[in-house]
Amino acid sequence: MENLKVKIGKLLLKNPVMTASGTFGTGEELEDLLDLNKLGAVVVKGVTLLAREGNPLPRIAETPSGMLNAIGLQNPGIDAFIKEKCPFFLRYKVPFIVNISGYQEKEYGLLAEKLEDVPGVAGLEVNVSCPNVNYSHGRIFAKDPGAVARITRLVRKNTKKTVIVKLSPEISDIKIIARAAEDAGADALSLVNTISGLAVDTVTRKPRLANIIGGLSGPAIKPIGLRCVWQVYNTVKIPIVGMGGICGTEDALEYLIAGASAVAVGTGNFIDPQSTVRIVDGIKKYLKANGLKNVSDLTGSLQV
Amino acid sequence: MENLKVKIGKLLLKNPVMTASGTFGTGEELEDLLDLNKLGAVVVKGVTLLAREGNPLPRIAETPSGMLNAIGLQNPGIDAFIKEKCPFFLRYKVPFIVNISGYQEKEYGLLAEKLEDVPGVAGLEVNVSCPNVNYSHGRIFAKDPGAVARITRLVRKNTKKTVIVKLSPEISDIKIIARAAEDAGADALSLVNTISGLAVDTVTRKPRLANIIGGLSGPAIKPIGLRCVWQVYNTVKIPIVGMGGICGTEDALEYLIAGASAVAVGTGNFIDPQSTVRIVDGIKKYLKANGLKNVSDLTGSLQV
Amino acid sequence: MRIDTNARIIYNKQVSGEYRNMKIYAPRIARHARPGQFLNIQTSKTGRPLLRRPMSIHKLSPAGLEILYKVRGTGTSLLAQLKKGMEIQVLGPLGKGFDIKAPFTTAILVGGGYGISPLKALHDLLKKKRKKIITLIGAKNSKLIYKKGFTGVKVATEDGSSGTKGLVTRVLDRVCCSGAKHPAVIFACGPDRMLEAVAKIAGKYNIPCQVSLEALMGCGTGVCLSCVCKKKDGRQARVCVDGPVFKAGEIEWKT
Amino acid sequence: MRIDTNARIIYNKQVSGEYRNMKIYAPRIARHARPGQFLNIQTSKTGRPLLRRPMSIHKLSPAGLEILYKVRGTGTSLLAQLKKGMEIQVLGPLGKGFDIKAPFTTAILVGGGYGISPLKALHDLLKKKRKKIITLIGAKNSKLIYKKGFTGVKVATEDGSSGTKGLVTRVLDRVCCSGAKHPAVIFACGPDRMLEAVAKIAGKYNIPCQVSLEALMGCGTGVCLSCVCKKKDGRQARVCVDGPVFKAGEIEWKT
Ligand SMILES: Cc1cc2nc3c(=O)[nH]c(=O)nc-3n(C[C@H](O)[C@H](O)[C@H](O)COP(=O)(O)OP(=O)(O)OC[C@H]3O[C@@H](n4cnc5c(N)ncnc54)[C@H](O)[C@@H]3O)c2cc1C
Ligand SMILES: Cc1cc2nc3c(=O)[nH]c(=O)nc-3n(C[C@H](O)[C@H](O)[C@H](O)COP(=O)(O)OP(=O)(O)OC[C@H]3O[C@@H](n4cnc5c(N)ncnc54)[C@H](O)[C@@H]3O)c2cc1C
Ligand SMILES: Cc1cc2nc3c(=O)[nH]c(=O)nc-3n(C[C@H](O)[C@H](O)[C@H](O)COP(=O)(O)O)c2cc1C
Ligand SMILES: Cc1cc2nc3c(=O)[nH]c(=O)nc-3n(C[C@H](O)[C@H](O)[C@H](O)COP(=O)(O)O)c2cc1C
Ligand code: FES
Ligand code: FES
């Protein structure tokens with residue numbers, strides 16, 4: 001029997017296939033289409049301290065083999081989230097990982113604190129990539145190793161749960177940020193988040209998103225995500241959750257071989273809501289066909 | 001009659017459609033397929049001080065709506081280039097712009113000097129994005145505003161021709177680099193160059209490029225290129241040559257509206273070697289249909 | 001129960017004006033589907049376009065589903081090229097359909113452009129239930145009018161090329177004045193501006209009204225939050241799962 | 001003179017074994033084409049796959065061009081789905097073909113796998129010129145052997161499922177020993193390893209030899225430098241424009 005188990009921080013996942021935040025709700029929305037217990041983990045939609053309405057419409061635009069989104073972190077705020085969404089987590093055995101976003105560094109600490117005793121929350125994914133209003137000139141935390149380190153430490157201090165820090169590929173040198181997060185106590189890194197992009201409607205000469213700029217995701221960014229994973233795999237010791245354009249088994253395998261210990265499917269869920277479970281099966285078949293026992297043998301097996 | 005003329009530095013181009021370096025040879029390779037004089041300018045394949053063999057094969061890999069390349073700047077070196085390739089430039093009226101790459105800062109100065117008196121060379125495109133062996137830890141000049149400024153000044157000092165500095169999108173804040181190039185005397189900026197990426201062959205578990213990492217180009221990166229152009233348009237006063245994923249008229253229009261004064265077709269030439277001339281016609285039609293007189297009215301016309 | 005299935009195309013043909021009509025064999029979806037619900041269709045196997053395209057269920061039979069569509073861009077062009085016997089990946093039925101539980105005798109259907117599509121499935125169900133049906137169809141011009149199989153049809157075109165010249169909502173206003181004796185319900189589908197005008201008229205005559213909204217959709221399954229609309233109570237609803245059919249009175253119109 | 005044209009498909013059918021044969025109507029390309037040249041074909045109109053696919057010219061007639069291909073990945077799968085009457089974008093003729101100017105009486109054609117494809121166009125031309133032709137065809141197994149229309153055929157398969165068991169180069173060695181009386185030329189197309197072995201045998205018997213190389217191609221027109229091969233003189237040549245046919249003696253083989 002092939003062993004698909006992987007360890008991410010304190011979590012022992014039954015397989016390496018997770019969902020990417022913001023593309024799977026809490027899983028409750030898709031219960032009828034797939035068995036959540038077949039997944040390695042469910043990473044839920046990003047939550048912030050206060051409720052957020054999100055951005056005006058249009059919030060998405062299709063691009064060649066990709067899409068831009070500027071949802072704007074629409075969510076009910078952490079308190080309502082804990083009350084309304086978290087009880088659902090108890091209905092499944094799969095670990096639920098909550099994705100947290102802050103507009104100020106200290107908010108991350110508060111979010112971790114509030115989630116610490118919530119039953120069913122297995123871990124935190126720390127999204128440092130949301131555009132920050134109080135931060136200088138449209139910069140985001142993810143581009144500043146100091147900010148990433150401080151945020152990671154704050155979260156680490158307030159939780160015993162597994163802490164995954166999610167990095168942006170929109171950076172001169174992702175290795176520096178990855179090291180900052182590792183040194184500050186992250187259990188794992190997830191990469192990549194979306195890359196900011198623009199699309200123009202040539203008829204109206206308006207941006208195709210109300211927010212002008214949005215985040216690019218989907219197969220278009222896969223080579224960039226893979227390169228980031230490979231660079232970071234050669235830099236840090238903690239496990240990596242690879243994502244960016246994973247739609248099928250081949251894509252997932254590429255990420256594992258490039259250095260990811262687990263993978264997450266994002267935009268792929270929109271195209272095929274059952275893609276995650278298909279990928280679990282596909283990886284199993286690949287291991288068998290290649291005479292490999294453990295999925296962890298694939299991680300970083302790139303022949304260079 | 002629609003006026004398609006645009007000014008890039010000292011050059012008055014008959015229309016805003018150029019070729020992107022490395023995707024069109026010198027134009028001689030495609031003479032039988034299109035009339036070079038119909039283009040705004042031809043930007044020729046990158047040249048370095050010394051001859052370079054380029055990277056081992058495979059040098060390209062296809063990705064979703066994009067491709068990776070690691071050609072490795074194969075070229076005969078500047079002296080052979082001037083002797084063997086430049087005489088061809090005199091056979092056409094279209095301006096030829098030579099793309100120069102250096103492995104040390106001073107090489108850019110030498111390249112500019114050598115090209116200064118070569119007949120038929122209308123301008124220089126300064127590629128600061130090639131991976132540098134002598135530079136610290138795989139960094140490239142394009143990521144360091146100081147290096148970009150020094151290189152721009154060196155070239156500026158040695159040439160009276162139009163100087164276009166070509167930037168990489170693989171950067172935390174492209175605005176900083178753009179300003180550095182402008183302040184150092186660039187006549188125009190061209191963006192974007194490719195974004196580094198990886199692709200894995202899951203059968204052999206080898207990278208699909210012998211060089212492991214390559215540059216991502218094609219429609220996949222169009223939203224990123226557009227976002228960079230928009231950001232830089234709002235930052236500098238000098239004209240921008242927009243590129244990244246332009247295959248047809250719609251793509252070119254998006255770039256013009258986002259802030260480009262001219263556009264360049266790269267990977268698009270591989271798919272349709274006549275795409276540049278088709279785009280010239282397409283822009284003309286768009287202006288007519290929209291009652292616009294000058295193509296320059298489109299530049300930066302994004303309604304936000 | 002939503003099902004994602006590879007459905008065989010029974011036909012895919014040009015019908016009147018600018019519309020095409022595709023029938024697929026998808027009994028498992030058809031079994032659960034109700035008028036007003038929609039499908040999310042993969043238009044290409046190459047991964048480009050990337051996202052699926054939402055299409056209303058136009059007609060329902062035990063094993064078959066039909067859509068009525070207009071070629072607008074890449075996705076619908078690719079749909080138009082598919083031939084009988086080929087297969088397409090279809091997810092459905094999605095969203096909440098029209099609610100016909102309330103007691104009423106007359107149904108006033110108002111369709112703008114291809115908004116007429118889901119009203120046909122509703123029409124067929126209402127007919128079985130022996131309701132009186134008035135169908136108001138509006139569009140820019142006669143090429144965009146599709147009225148096959150509807151009962152009690154009145155047409156309005158903006159350019160006057162067919163039926164009354166003007167907006168379909170003007171016709172609705174007149175129908176409502178006169179037809180107000182019987183308990184009626186308005187069911188409307190079309191562009192936002194039309195729906196807003198319909199909602200206003202319904203409010204004026206105090207007639208219950210259901211509108212089917214359209215929105216750019218990333219997922220069609222409620223997870224991406226790209227399709228939200230504002231409700232009067234200040235909350236946001238997802239058109240793909242909380243709609244596409246809403247009570248007109250609930251919606252906070254943009255203008 | 002290269003031409004980029006939208007060509008109508010005359011047929012596209014499964015032929016023996018794993019091969020498909022497509023004929024297109026492209027008189028302007030056909031007029032200039034010579035055996036050994038190739039076409040660069042767009043396999044999808046959706047932009048995915050992005051790049052065109054190079055395919056040797058398999059047969060030549062005044063108005064038509066044929067290709068012989070094997071379904072390998074996305075692009076060739078899409079090609080296989082195209083039907084008679086549809087159109088595809090085709091750029092050609094590309095590259096330098098076989099050179100038959102030198103005086104010779106016997107042509108030894110050596111094809112490995114789908115490398116046999118361009119040898120058919122060459123075969124037909126040589127036949128017209130009344131050359132003696134020996135055709136050696138090699139492949140892993142009988143399914144990958146395609147020999148329709150060739151003269152003087154000898155087959156070798158690695159698994160022995162057809163013809164001699166073993167490599168086609170062993171058969172070549174034997175043919176060359178015996179046939180060395182007449183001035184002969186070897187024309188070979190197939191995988192690199194086969195071509196290298198062919199070149200060695202040709203050298204041994206001092207028989208002129210031309211090989212048609214394959215390489216991953218970005219453009220097919222000489223501008224991207226993705227397809228280079230090393231020559232003995234130390235220079236690099238582009239397979240797409242300087243080849244795909246080279247004199248075997250010029251090539252610096254990798255091993
Ligand atoms: C619930 C629902 C039901 C629908 N039912 C039908 C139907 O029965 N018949 C029909 O013809 N169409 C219907 N549509 C609209 C249909 O989904 C779009 O026409 C289609 O997605 C266009 O795809 P495309 O690739 O051809 O166009 P694109 O190239 O993607 O775009 C062309 C134009 O259409 C607009 N557009 C694209 N997608 C949508 C969308 N989802 N909603 C609104 N505008 C869009 C774009 O903004 C653009 O202006 C429905 C939409 C929704 C949300
Ligand atoms: C000059 C030339 C002539 C050719 N003539 C023929 C022919 O007559 N008949 C035929 O069946 N094939 C021919 N080929 C090979 C053909 O181009 C590839 O099989 C095709 O591009 C595969 O496309 P795909 O999308 O199906 O496969 P992909 O999904 O792109 O790849 C599948 C596999 O094929 C390999 N491959 C892809 N492209 C090439 C290529 N250009 N050269 C070598 N390997 C490649 C990939 O590395 C991968 O392992 C020729 C290639 C060249 C360069
Ligand atoms: C609609 C949408 C919403 C997203 N919301 C979040 C979010 O709330 N938090 C977060 O960290 N990432 C968010 N992401 C980023 C994804 O989790 C993922 O990192 C990215 O999309 C790349 O993966 P993909 O190409 O598989 O989609 C979102 C992505 C999309 C497309
Ligand atoms: C095969 C290839 C070779 C290239 N060579 C060069 C080069 O020599 N110098 C340079 O500045 N850019 C080079 N580029 C980058 C292009 O000029 C262009 O900036 C990039 O490909 C993005 O445009 P595109 O998406 O239209 O291809 C090359 C790109 C490709 C695909
Ligand atoms: S389309 Fe994704 S939530 Fe409605
Ligand atoms: S394929 Fe581009 S140079 Fe040969």
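Model, not experiment: these values are computed from the prediction. A, B, ... follow the sequence lines: proteins, then strands. Residue 1 opens every chain.
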message: Let's test your reading of the structure: which of B:G214, B:S196, B:A289, B:A199 forms the most heavy-atom pairs below 4.5 Å with chain A?
response: B:S196
B:I212 versus chain A, the contacting section by heavy-atom distance below 4.5 Å: side chain
query: With respect to chain B, which residue among A:V304, A:L198, A:V229 yields the maximal number of heavy-atom pairs within a distance under 4.5 Å?
result: A:L198
- request: Could you check which of B:I224, B:D201, B:I195, B:V203 has the highest count of heavy-atom pairs closer than 4.5 Å to chain A?
  value: B:I224
field: Heavy-atom closest pair, residues B:T249 and B:I283
entry: CG2-N, 3.7 Å
query: Looking at A:E2 and A:K293, does any basic side-chain N land under 4.0 Å from a carboxylate oxygen?
result: no
message: Need one label for B:I171: side chain, backbone, both or neither, based on atoms under 4.5 Å from any heavy atom in chain A.
response: both
message: Between A:Y255 and chain B, with a heavy-atom cut-off of 4.5 Å, which part of the residue counts as in contact: side chain, backbone, both or neither?
response: neither
- prompt: Which bit of B:L68 is near chain A, if near means a heavy-atom gap under 4.5 Å: side chain, backbone, both or neither?
  reply: side chain
- request: Show your working on side-chain contact (heavy atoms from CB on, under 4.5 Å) between A:W230 and B:V200 and close with a plain yes or no.
  value: CA-CA 11 Å; A:W230 169 243; B:V200 178; over 6 Å; no
query: Tell me, side chain or backbone of A:L302 under 4.5 Å from chain B's heavy atoms, or both, or neither?
result: both
A:F270 side chain reached by A:M67 side chain, heavy atoms, under 4.5 Å: yes
query: Do you see a donor-acceptor pair shorter than 3.5 Å between the side chains of A:T194 and A:S217?
result: no
task: Sort B:T63 into side chain, backbone, both or neither according to what part of it lies under 4.5 angstrom from a heavy atom of chain A.
output: side chain
query: Looking at side-chain heavy atoms only, is the closest gap between B:M243 and B:V241 below 4.5 Å?
result: yes
message: With a 4.0 Å cut-off on N to O distance, would you call B:K237 and B:E182 a salt bridge?
response: no
message: With a 4.5 angstrom heavy-atom cut-off, is it the side chain or the backbone of B:L298 that approaches chain A, or both, or neither?
response: side chain
query: When you check the side-chain N and O atoms of B:T23 and B:N269, is any donor under 3.5 Å from an acceptor?
result: yes
- request: Answer yes when A:D173 and B:K143 have at least one side-chain N-carboxylate O distance shorter than 4.0 Å, and no when they do not.
  value: no
- prompt: Between B:P207, B:S172, B:G197, B:A220, which residue shows the highest count of heavy-atom pairs closer than 4.5 Å to chain A?
  reply: B:S172
message: Taking side chain as everything from C-beta outward and backbone as N, CA, C, O, which of these in A:S168 sits under 4.5 Å from a heavy atom of chain B? Side chain, backbone, both or neither.
response: neither
query: Do you know which of A:E254, A:K222, A:E170 has the most heavy-atom pairs with chain B at a distance under 4.5 angstrom?
result: A:E254
